[in-house]
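What follows is one structure encoded as structure tokens, with my remarks underneath.
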Amino acid sequence: MSTIEELLRAREGPMTSELVLRPGDFGLGRVPARLKPVATTTAVCGFCSTGCGLKIHLNEAGEAINLTADPEHPVNLGMACPKGWEALTPLAAKDRATTPLLRNPATGELEPVSWGVALGAMVRNFRGIQEKHGRAAVSFLSTGQIVTEEMALLGALAKFGMGMRHVDSNTRQCMATSHVAYKQSFGFDAPPFTYQDFEDSDALIFIGANPCIAHPIMWQRVMRNRRKPEIVVIDPRRTETAMAATLHVASRPKSDLVLLYGLAKALIDRGAVKREFVAAHTSGFAEFEAFVVEFTLERTAAETGLAVKTIERLAEIVATKERVSFWWTMGVNQSHEATRTAQAIINLALMTGNIGRPGTGANSITGQCNAMGSRLFGNATSLIGGYDFGKEEHREHVARILGVDAAAIPDAAGLAYDQILEAVERGEIRGLWVIATNTAHSWINQRTFAALRAKLDFLVVQDMYATTETARMADLVLPAAGWGEKDGVLINSERRLGVVKKVARAPGQALSDFAIFKLVAEAWGCGEMFRAWKSPEAAFQILKELSRGQPCDFSGIRDYAHIEAEGGIQWPWPEEKAEGLKGAARHRRLFEDGRFFTADGRARFFFDRPRPLPEPPDAEYPLLLLTGRGSSAQWHTGSRTDKSAVLRKLAPRELYVEINPRDAARWRVAAGERVRVRSRRGSCEALAFVTPTVQVGQVFLPMHFADVNKLTFPVFDPHSRQPGYKAAAVRIERLS
Ligand code: SF4
């Protein structure tokens with residue numbers, strides 16, 4: 001199906017989800033037929049990477065009328081956080097984009113147009129830019145929020161069909177560090193764990209992670225642990241998780257790399273290294289052991305601000321517990337030295353033999369619902385399917401499966417997100433297609449993007465809402481269906497594939513991202529290249545072939561129904577082993593045989609000298625700004641969660657700044673007073689929340705408010721190019 005008319009007609013057809021018939025009466029008495037659930041189907045949640053299973057209750061037309069958490073699902077066991085319970089609400093928001101909008105040059109306003117006009121304008125402008133400035137002058141910035149089939153189609157269309165060279169997604173903002181760290185250390189981007197490890201650990205070490213707020217269902221899994229575990233939180237803030245921990249290690253912001261090297265040295269001194277495991281399954285430990293010699297307890301204490309006895313206690317926990325698991329997320333990933341910090345965690349797991357066994361692992365908790373799908377199939381950093389752009393045999397293999405000319409596949413990854421924006425600044429990239437992300441709000445030092453807008457000849461934004469900060473800047477808005485309005489697969493933090501389904505009709509003329517990409521391919525003139533991508537499920541079969549033989553091999557999964565029947569399936573699930581894996585689907589971890597995905601099967605130790613804070617506090621800007629998630633009811637820039645009255649009630653509506661009582665006294669700020677927070681790049685107003693949960697000399701702002709990224713300092717990890725949102729020098733000013 002490829003014409004606009006066919007696609008729009010198809011939207012009126014039946015829901016694509018299979019109805020699982022249940023007794024019609026849900027005990028609701030007399031209710032209008034349209035509101036009476038007569039059937040239930042399942043889908044995984046489309047907000048965060050936890051991947052909770054939901055039961056979606058349908059009326060006779062197969063449309064969702066409400067949902068409940070799925071008690072049978074192995075991820076969430078009947079639980080869901082507020083966002084999951086409210087997952088259907090944002091679909092009904094009044095500001096949904098319902099028709100393509102094109103900016104009228106005469107009035108400067110975005111005006112409704114037909115799909116034909118919209119696609120014509122997109123192709124004409126992007127082709128015009130390419131003819132004048134080269135094919136690489138058009139890029140896209142995409143997302144970790146759309147389904148894997150859509151990510152793959154977009155990546156293939158843009159690079160192989162439209163000739164784009166530099167493409168990226170907002171996965172760069174959350175998971176690029178884990179991607180690079182795992183790839184270098186394990187030989188493939190392979191989070192090793194299963195959520196069962198939360199329940200099976202004797203010690204859980206959380207580094208820069210606040211699962212109570214950011215991943216609440218994962219935290220519930222920790223709460224189910226019956227082994228009386230030690231729970232350690234390494235975080236400058238006394239977060240909700242730190243309050244619930246058995247040990248809070250409140251190190252100085254961005255001193256975690258020193259702490260982890262100091263911990264490695266302390267473990268070596270205690271004789272806690274599993275020498276046999278290290279010798280059999282790793283390489284580079286001798287060099288690492290020599291490197292960490294200088295990270296004495298005294299130096300580590302001095303540079304982290306911790307007491308020696310706190311570091312010793314931490315070392316004792318790691319050294320003496322049988323099953324130790326290490327968990328990290330954005331506090332590590334968003335840093336100027338993020339990749340080496342993530343690898344310092346991996347090093348600890350390797351040297352203590354805490355990998356491949358129940359309750360262990362160097363475990364990166366993912367952010368978005370499909371960041372893992374984006375990492376494997378986005379076609380940005382890695383060639384689609386987790387292959388390497390630089391290897392000719394990989395390019396030829398992918399070309400053969402996709403039926404494209406190998407010469408159309410670039411021989412190197414393109415520019416990263418920040419570098420794409422720099423190329424816009426230099427005038428080298430003139431056309432940009434932004435899909436399901438809100439760059440104007442979420443990008444670090446957001447003023448950059450607002451200024452760059454003027455340098456773009458044509459900006460296309462494809463989104464559920466025409467009201468995001470980025471959509472309002474667009475020349476063209478393409479209205480997209482959201483979660484619940486389309487089919488496909490998401491891959492969660494523990495590598496589990498889960499199915500999402502069309503249980504609601506997208507409003508007006510909005511189409512699934514998959515359908516939009518197909519239309520763009522036709523309009524561009526490369527539709528023939530994607531004939532086999534007939535539907536998301538047909539695309540899934542192509543992705544299976546791409547995965548075959550890779551560490552992420554899921555060629556043994558038959559179809560969506562198979563995934564659903566198993567309650568999700570973790571990769572790998574290769575066809576030749578599928579029979580033997582039957583019944584093992586609920587929980588599987590990697591590396592149980594001690595073999596990693598490197599050429600020699602050994603995991604590698606990576607390390608580098610720690611580097612100072614890029615923008616330390618000084619006399620003019622004496623406070624250090626930390627940012628993070630504010631509540632479990634808010635998701636990123638709020639484009640969906642702000643649409644729910646329930647979620648709005650569960651989260652502060654005004655920006656607030658957490659400030660320590662001693663700093664509040666020093667700057668004469670009263671609790672609840674409105675203050676200005678200023679960095680060298682911008683300022684914002686916020687209510688003062690005076691609290692000892694932040695240390696003296698530090699303040700905290702929640703990331704969900706648009707003003708926060710006016711302040712953040714644009715620094716990037718050199719290996720992953722992930723932005724360091726977590727440390728910028730600021731000052732507080734009273735407004736009166
Ligand atoms: Fe959805 Fe994540 Fe909440 Fe689960 S924890 S319901 S996946 S937002």
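None of the values given here were measured: they were computed from a predicted structure. Whatever order the structure lists ligands and atoms in, that order sets their numbers, starting from 1.
Aromatic ring centres of Phe540 and Tyr560 lie closer together than 6.0 Å. Checked against the 6.0 Å centroid criterion, the rings of Phe186 and Phe591 qualify as a close aromatic pair. Less than 6.0 angstrom separates the ring centroid of Tyr417 from the ring centroid of Trp443. When ring centroids are compared, Trp328 and Phe193 stay outside the 6.0 Å threshold. Proximity of the aromatic rings of Phe140 and Phe517 is defined here by a centroid distance below 6.0 angstrom, and this criterion is not met. Here the two rings, on Trp327 and Phe198, have centers that are under 6.0 Å apart.
Ranking the protein heavy atoms by distance from atom 2 (Fe) of ligand 1 puts Cys48 SG, 2.3 Å first. With hydrogens left out, the protein atom closest to atom 4 (Fe) of ligand 1 is Cys52 SG, 2.3 Å, a heavy atom.
Among the atoms of Cys81, no N, O or S atom falls under 2.8 Å of atom 4 (Fe) of ligand 1. Taking backbone and side-chain atoms together, Cys45 has no N/O/S atom less than 2.8 Å away from atom 3 (Fe) of ligand 1.
Near Gly84, the atoms of ligand 1 lying under 4.0 angstrom from a non-hydrogen atom of the residue are 6 (S). Less than 4.0 angstrom separates some heavy atom of Phe47 from each of these atoms of ligand 1: 8 (S). Remark: ligand 1 atoms within the under-4.0 Å shell around heavy atoms of Gly51 are 7 (S).
Distances from atom 5 (S) of ligand 1 to the heavy atoms of Val75, Thr641, Leu490, Ile217 show the closest one on Ile217.
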